[in-house]
Amino acid sequence: MTSAISVEDRCIEAFNELKKTSRHITTVLYRLNDSLDTLILDLAGNLTHDELLKALPSDPRLVAYELHFADRDGSRRPWPHAWRPGGGG
């Protein structure tokens with residue numbers, strides 16, 4: 001049996017803001033709600049890499065972060081990552 005997870009509109013809005021060239025947001029953290037059926041926005045902000053590491057909680061999160069590296073055409077892009085403390089298991 002499969003079940004769908006819904007996504008709050010705020011999650012999509014924050015990710016779209018992250019993708020814009022204005023870069024008011026460089027970091028978006030998402031989490032599941034308490035009933036584990038909806039992805040909700042946990043944090044949207046302009047964090048440095050060190051601030052992002054400090055902001056990660058002790059429970060899992062999905063992270064979209066504008067990692068500052070240049071690819072072949074010199075553009076920057078969001079880096080999606082799943083944060084799972086404890087290294088997996």
Side-chain angles (χ1 to χ4, degrees):
M1 178 178 174
T2 61
S3 60
I5 294 175
S6 61
V7 178
E8 272 188 342
D9 288 340
R10 291 178 43 204
C11 293
I12 297 166
E13 292 165 6
F15 186 76
N16 286 336
E17 182 66 29
L18 173 70
K19 293 188 317 182
K20 288 182 181 179
T21 57
S22 62
R23 302 292 182 226
H24 295 294
I25 293 176
T26 60
T27 310
V28 182
L29 295 177
Y30 305 100
R31 67 178 179 88
L32 289 173
N33 65 352
D34 292 337
S35 54
L36 305 176
D37 61 1
T38 304
L39 189 67
I40 62 175
L41 183 65
D42 193 40
L43 177 141
N46 192 358
L47 303 181
T48 66
H49 184 260
D50 290 336
E51 291 169 333
L52 168 61
L53 294 177
K54 290 178 185 173
L56 292 172
S58 60
D59 52 336
R61 293 290 188 269
L62 294 174
V63 179
Y65 180 71
E66 182 198 359
L67 186 61
H68 291 269
F69 69 93
D71 53 17
R72 290 183 186 174
D73 65 359
S75 63
R76 295 178 178 179
R77 52 196 158 106
W79 175 64
H81 185 72
W83 166 250
R84 187 173 176 192

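Numbers here are sequence positions counted from 1.
Taking the side-chain hydrogen bond (donor to acceptor under 3.5 Å, both in side chains) definition, one finds that Glu51 meets it with Thr48, sequence neighbours left out. In terms of the side-chain contact (heavy atoms from CB on, under 4.5 Å) criterion, residue partners of Leu41 (sequence neighbours excluded) are, by chain and number, Glu8, Arg10, Cys11, Ala14, Val28, Tyr30, Ala44. With sequence neighbours excluded, the residues satisfying side-chain hydrogen bond (donor to acceptor under 3.5 Å, both in side chains) with Ser6 are Thr38.
Hydrophobic clustering places Ile12 together with Leu62 (ILVMFWY residues linked when any side-chain heavy atoms are closer than 4.5 Å, directly or through intermediates). In this structure, Ile25 is a member of the same hydrophobic cluster as Val7, with clusters built from ILVMFWY side-chain heavy atoms closer than 4.5 Å.
Here Leu18 contributes atom CG and Asn46 contributes atom CG; the two are 10.0 Å apart, rounded to the nearest 0.5 Å. Rounding to the nearest 0.5 Å gives a distance of 10.0 Å between CZ of Arg31 and CG of Leu36. Rounding to the nearest 0.5 angstrom, the gap separating the CG atom in Leu32 from the CG atom in Leu39 is 6.0 Å. Expressed to the nearest 0.5 Å, how far CG of Asp42 lies from CG of Leu29 amounts to 5.5 Å.
Across every non-hydrogen atom of Leu47 and Ala55, the tightest pair is CD1-CB, 4.2 Å.
Side chain of Asn33 to backbone of Asp37: a donor-acceptor contact under 3.5 angstrom is found.
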